[in-house]
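Read the structure below first, then the notes.
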Amino acid sequence: MRFEIMRLDEVNGTTVDSTVVDAASVNRIVQQAAAIGQRLWIRPAEVSAS
């Protein structure tokens, strides 16, 4: 499963940037964000039909 992780602006909460990662990478990214107090929004990534 893949997830979209959006980094949020500290002041107004708008999306600053986003990336799509696999499930194994989510924990590492969350740990890094928690260490510096960064706000994230995580949701399942849209699956495109091939």
Side-chain angles (χ1 to χ4, degrees):
M1 181 163 203
R2 297 182 62 79
F3 294 89
E4 181 178 16
I5 300 179
M6 290 156 279
R7 187 167 49 101
L8 303 177
D9 181 86
E10 295 300 318
V11 176
N12 60 17
T14 58
T15 302
V16 175
D17 64 16
S18 69
T19 188
V20 176
V21 298
D22 61 1
S25 299
V26 173
N27 185 51
R28 177 183 50 83
I29 292 169
V30 168
Q31 293 295 325
Q32 290 173 345
I36 62 173
Q38 189 175 58
R39 294 171 59 196
L40 301 177
W41 178 17
I42 303 171
R43 65 181 180 183
E46 295 290 326
V47 178
S48 60
S50 333

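- Under a hydrophobic clustering in which Ile, Leu, Val, Met, Phe, Trp and Tyr are joined whenever their side-chain heavy atoms come within less than 4.5 Å, directly or via other members, Val20 and Ile42 fall into different clusters.
- For Arg43 and Trp41, the positive end sits near the middle of the six-membered ring, less than 6.0 Å away and at most 45° from its axis.
- Under 4.0 Å is where a charged nitrogen must lie from a carboxylate oxygen, and between Asp22 and Arg2 no such pair does.
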Could you walk me through whether Leu8 and Val16 satisfy the side chain to side chain contact (heavy atoms under 4.5 Å, CB included) test, starting with their C-alpha distance in whole Å, then the side-chain angles of each, then the deciding distance to 0.1 Å, before giving a yes or no? CA-CA 5 Å; Leu8 303 177; Val16 175; 5.9 Å; no
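- Using a 4.5 Å cut-off on side-chain heavy atoms (C-beta onward), Pro44 and Met1 make contact.
- Summarising the geometry, atom CG belonging to Asp17 is positioned 11.0 Å from atom CG belonging to Asp9; distances are rounded to the nearest 0.5 Å.
- The nearest pair of heavy atoms linking Thr14 to Asn12 is OG1-OD1, 2.9 Å.
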I'd like to know whether Gln32 forms a side chain to side chain contact (heavy atoms under 4.5 Å, CB included) with Val30, so could you lay out the CA-CA distance, the side-chain angles of the two residues, the decisive distance to 0.1 Å, and finally the verdict. CA-CA 5 Å; Gln32 290 173 345; Val30 168; over 6 Å; no
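- In this structure, Phe3 is not a member of the same hydrophobic cluster as Met6, with clusters built from ILVMFWY side-chain heavy atoms closer than 4.5 Å.
- Residues Glu10 and Arg39 are in side-chain contact: their nearest non-hydrogen atoms beyond the backbone lie under 4.5 Å apart.
- One finds the CD1 atom of Ile29 at 9.5 Å from the CG atom of Asn27 (value rounded to the nearest 0.5 Å).
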